Engineer: 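There's a structure below that I have some questions on.
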Number of protein chains: 4
Amino acid sequence: MAPLSEEQLIQKREIRREQIIEAAFKVFAHRGLNRAKMTMIAEEAGLSAGQLYRFFESKEELFSTLIHRAMKESINGIESIYELPGTPYEKLKMFTQSVFEDESSRYPFMLIQQAHTADEMPHEVKQIIKQFSMKNYFEILLPLFKEGQKMKEFVEGDLEELISSYLIMFSALATFNMPVDEHFELPKAEIFLRVITGPKA
Amino acid sequence: MAPLSEEQLIQKREIRREQIIEAAFKVFAHRGLNRAKMTMIAEEAGLSAGQLYRFFESKEELFSTLIHRAMKESINGIESIYELPGTPYEKLKMFTQSVFEDESSRYPFMLIQQAHTADEMPHEVKQIIKQFSMKNYFEILLPLFKEGQKMKEFVEGDLEELISSYLIMFSALATFNMPVDEHFELPKAEIFLRVITGPKA
Amino acid sequence: MAPLSEEQLIQKREIRREQIIEAAFKVFAHRGLNRAKMTMIAEEAGLSAGQLYRFFESKEELFSTLIHRAMKESINGIESIYELPGTPYEKLKMFTQSVFEDESSRYPFMLIQQAHTADEMPHEVKQIIKQFSMKNYFEILLPLFKEGQKMKEFVEGDLEELISSYLIMFSALATFNMPVDEHFELPKAEIFLRVITGPKA
Amino acid sequence: MAPLSEEQLIQKREIRREQIIEAAFKVFAHRGLNRAKMTMIAEEAGLSAGQLYRFFESKEELFSTLIHRAMKESINGIESIYELPGTPYEKLKMFTQSVFEDESSRYPFMLIQQAHTADEMPHEVKQIIKQFSMKNYFEILLPLFKEGQKMKEFVEGDLEELISSYLIMFSALATFNMPVDEHFELPKAEIFLRVITGPKA
DNA sequence: AATGAATGAGTATTCATTCAT
DNA sequence: GATGAATGAATACTCATTCAT
């Protein structure tokens with residue numbers, strides 16, 4: 001008989017799987033589908049490459065799984081902005097700051113960016129990515145920005161353009177693959193958000 | 001064939017070389033060292049892959065050459081800001097705008113960014129890249145930003161942080177590998193520059 | 001300029017391709033999709049494994065191509081029976097004999113058999129094979145066997161069963177992967193064909 | 001647990017071993033040494049792959065064991081023909097028929113056939129297989145066929161050739177790995193045996 | 001000079017086998 | 001004794017690079 005109960009085994013396996021996903025997130029986020037090697041992911045997860053295949057059928061399936069998760073997480077992350085306390089500006093600042101300060105919270109955005117850029121994507125991923133796009137984020141932020149404008153916290157003017165600008169800049173910064181260099185640090189959220197608050201902030 | 005003078009031959013060769021460099025710039029900028037294939041560069045330059053080796057010893061040497069050039073060009077590009085007419089803000093805006101609007105002017109920045117993340121870089125390149133970093137840009141922009149602050153065009157406060165913030169955000173945007181999507185467009189320079197002009201602009 | 005005219009190149013390439021196909025036919029026929037190694041095929045064709053990929057996208061595509069060809073050739077081979085001289089029995093004997101005597105003429109049948117047996121077939125091959133089956137051969141031989149019975153050359157009785165029996169036995173023998181052993185030789189066609197001619201032959 | 005006597009333990013182990021052999025017989029017969037996976041055999045036998053190694057040192061040893069057994073069984077099977085009732089023809093028919101009708105009785109022949117074509121066979125097995133060949137069957141059948149000819153049940157002529165033809169055709173049919181297709185069925189023994197009975201049957 | 005052909009080193013993947021639990 | 005986990009060797013495939021023509 002197996003020394004561990006079935007439940008224990010399943011749980012252990014689930015933990016393993018999560019370790020792999022986390023490791024893969026990091027490696028894929030930084031290197032993309034191509035330059036990420038299965039051995040790198042395995043090493044990062046603390047096991048051998050062969051083991052990865054007990055959890056995922058292929059590198060592509062692993063990547064695909066991560067993309068799905070990245071989309072969910074990025075959406076959830078942005079949606080969670082409404083649960084933060086304070087005014088729209090305070091919410092946006094806190095959200096932005098938290099992403100800028102914690103690399104792992106940027107992985108989902110980095111991964112999606114990698115998927116957009118690469119050409120040799122699994123067909124499935126191509127499909128998902130296509131439908132996805134930045135529109136989703138846009139919709140989510142719309143109410144927040146409206147409120148922000150109404151409260152005069154945000155600069156007046158074309159609302160769509162404002163959100164788009166924020167999103168592009170946020171994306172560019174969140175996915176910026178910085179060299180490990182003391183001089184490279186994401187800007188403070190307050191500074192970045194002048195884009196939104198404009199002359200009044 | 002009509003015999004060409006030696007000079008003509010050299011010139012012809014030089015033109016060829018430039019074609020290759022231009023093609024390689026584009027391909028490397030978009031795909032990075034790894035994902036760029038020699039055949040892609042050759043095709044873009046309108047010749048066979050074998051020919052590339054008459055001009056460059058290896059893919060790495062080619063990349064290396066481009067990096068050197070990219071550094072020069074990016075420096076020159078930023079330095080040229082002082083030749084632009086108008087106030088510091090107007091200069092900065094014009095410069096920023098021109099880069100945001102013309103993809104090929106972003107290649108040098110993209111390439112340097114690619115070099116940061118690539119792995120099997122010739123040791124030499126690694127060194128250069130390391131020393132280079134963003135500091136150079138910083139030095140160049142220092143006088144402009146000082147003047148901008150003095151004239152109250154730029155926001156007050158920590159000058160270093162301001163320049164760094166501008167540079168990071170500029171870099172992130174200039175090297176952002178955008179999906180071909182109607183909703184993805186770099187922001188207008190005016191909007192982006194609110195970061196610099198702050199509450200007063 | 002290339003030293004060979006384009007036409008010459010194309011022709012040369014075509015010859016190469018045929019060499020590969022021939023080599024692959026042999027190796028796949030004997031070993032099946034799995035046990036056939038690309039290096040074996042390459043060696044048999046007199047080139048390196050890498051070269052195979054300039055002609056075929058993958059092992060599977062190569063196999064697929066061969067299956068298509070095998071089906072055509074096996075059909076054509078059987079249809080050609082009507083062009084042989086003599087009575088139905090003489091035709092059938094000559095055909096059977098020629099297949100039994102020349103290994104390479106059995107490759108198409110062996111290949112199709114391999115495709116039937118294997119499980120890990122490219123999806124496309126599965127489809128083709130499914131529709132194919134032995135029915136095709138059956139239809140082709142029907143007139144010959146009818147005539148053979150009418151002429152009293154062939155044994156009387158259930159015509160369908162007679163053809164099926166011939167086909168199964170023919171297939172089994174044609175695809176029999178014999179050890180290289182002096183004692184293993186396909187039977188003489190006359191002997192085998194007693195199945196068809198029965199008590200009267 | 002109730003303590004089992006040593007004898008009981010040995011017996012239990014023996015049963016296990018037989019289960020494995022039976023399972024391996026089936027899997028190897030259909031898929032051959034290479035395409036048969038240890039996990040498949042384990043699953044068919046209802047245990048884990050690791051367990052197989054408590055009974056057999058390696059896949060090759062397992063295969064080797066089966067080959068030995070297959071040889072014995074095939075010999076025994078053919079020898080048993082003399083215990084069947086009736087004339088030589090009746091004996092041969094009954095034997096042939098029983099093999100054609102019961103797949104598992106064909107496993108030994110299939111396995112030997114697989115061994116012929118497999119490559120990385122333990123050297124030992126290669127030797128055995130080589131010496132074995134079809135000659136053994138030949139010797140066994142010799143008296144039967146002699147008697148058959150004497151009784152005019154079998155066709156006249158070269159006795160060796162007649163036996164060889166029977167054996168090759170029998171082997172080819174017995175080892176024919178048929179697709180699961182309604183149109184594929186081994187022929188009736190009577191039809192097949194016309195090869196032996198010839199014009200007189 | 002210029003091209004297509006050829007090679008070999010590197011990576012994804014599978015699976016027999018070993019081993020910790 | 002028995003299982004799931006772990007490893008490493010083998011093989012398909014890609015692509016920088018070299019070279020014959």
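Not measured: the values here are computed from a predicted model. Residue numbers begin at 1 in each chain, while the letters A, B, ... track the order of the sequences.
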Engineer: Where along residues 58-67 of chain C does a heavy atom come under 4.0 Å from DNA chain F, residue by residue in number order?
Structural biologist: C/S58, C/K59
Engineer: Taking CZ from A/R13 and C1' from F/dG4, how many angstroms apart are they, rounded to a whole number?
Structural biologist: 9 Å
Engineer: Both D/N34 and B/F55 contact DNA chain E. Taking the nearest nucleotide for each, which residue is further toward the 5' end?
Structural biologist: B/F55
Engineer: D/H30: which residues meet the side-chain hydrogen bond (donor to acceptor under 3.5 Å, both in side chains) condition with it, sequence neighbours left out?
Structural biologist: D/E103
Engineer: D/S48: which residues meet the side chain to side chain contact (heavy atoms under 4.5 Å, CB included) condition with it, sequence neighbours left out?
Structural biologist: D/Q51
Engineer: Whole-Å distance between F/dA2 C1' and D/L9 CG?
Structural biologist: 15 Å
Engineer: For the backbone of A/A29 and the side chain of A/Q114, can you confirm whether one donor and one acceptor N or O come within less than 3.5 Å of each other?
Structural biologist: yes
Engineer: Take atom CZ of B/F56 and atom P of F/dT17, then tell me their distance rounded to the nearest Å.
Structural biologist: 13 Å
Engineer: What residues form a salt bridge (Lys or Arg N to Asp or Glu O under 4.0 Å) with B/R16, not counting sequence neighbours?
Structural biologist: none
Engineer: Round to the nearest Å and state the distance from C/I10 atom CD1 to E/dG4 atom C1'.
Structural biologist: 12 Å
Engineer: Would you jot down, in residue-number order, the residues of residues 38-51 of chain D having a non-hydrogen atom under 4.0 Å from DNA chain E?
Structural biologist: D/M38
Engineer: Which residues, if any, of residues 19-30 of chain C bring a heavy atom under 4.0 Å of DNA chain E?
Structural biologist: none
Engineer: Kindly write out the residues that satisfy side chain to side chain contact (heavy atoms under 4.5 Å, CB included) with B/K37, not counting sequence neighbours, or none if the list is empty.
Structural biologist: B/T39, B/M40
Engineer: Is there a side-chain contact between C/Y53 and the phosphate of F/dC13, meaning an N or O under 4.0 Å from OP1 or OP2?
Structural biologist: yes
Engineer: Can you tell me how far C1' of E/dA16 sits from CG of D/L33, to the nearest Å?
Structural biologist: 11 Å
Engineer: Ignoring hydrogens and angles, write down the donor-acceptor pairs under 3.5 Å from the side chains of residues 59-71 of chain A, residues two or more places apart or on other chains.
Structural biologist:
from: A/K59; atom 1: NZ; to: A/L33; atom 2: O; distance (Å): 2.8
from: A/K59; atom 1: NZ; to: A/A36; atom 2: O; distance (Å): 2.8
from: A/E61; atom 1: OE1; to: A/E57; atom 2: N; distance (Å): 2.6
from: A/S64; atom 1: OG; to: A/E124; atom 2: OE1; distance (Å): 2.7
from: A/T65; atom 1: OG1; to: A/E61; atom 2: O; distance (Å): 2.8
from: A/H68; atom 1: NE2; to: A/E124; atom 2: OE2; distance (Å): 3.1
from: A/R69; atom 1: NH1; to: A/E18; atom 2: OE1; distance (Å): 3.0
from: A/R69; atom 1: NH2; to: A/E18; atom 2: OE2; distance (Å): 2.9

Engineer: Could you note down all residue pairs passing salt bridge (Lys or Arg N to Asp or Glu O under 4.0 Å) where residues 41-53 of chain C supplies at least one of them, sequence neighbours left out?
Structural biologist: C/K26-C/E44
Engineer: Should C/R54 be listed as having a side-chain N or O under 4.0 Å from OP1 or OP2 of F/dT14?
Structural biologist: no
Engineer: Could you work out, with side-chain hydrogen bond (donor to acceptor under 3.5 Å, both in side chains) as the rule, every residue matching C/R35, not counting sequence neighbours?
Structural biologist: none
Engineer: For DNA chain F, write out the stems as range with range, using runs of 3 or more consecutive Watson-Crick or G-U pairs with both distances under 3.5 Å.
Structural biologist: E:2-21 with F:2-21
Engineer: Rounded to whole Å, how long is the line connecting atom NZ of D/K37 with atom P of E/dT17?
Structural biologist: 12 Å
Engineer: Is the count of non-hydrogen atoms from other residues, nucleotides or ligands lying under 6.0 Å from A/E22 atom CD greater than 12?
Structural biologist: no
Engineer: With a 4.0 Å cut-off on heavy atoms, is D/R35 in touch with a base, just the backbone sugar-phosphate, or nothing at all?
Structural biologist: nothing
Engineer: Tell me: CG of C/L52 to P of E/dA5, nearest whole Å?
Structural biologist: 14 Å
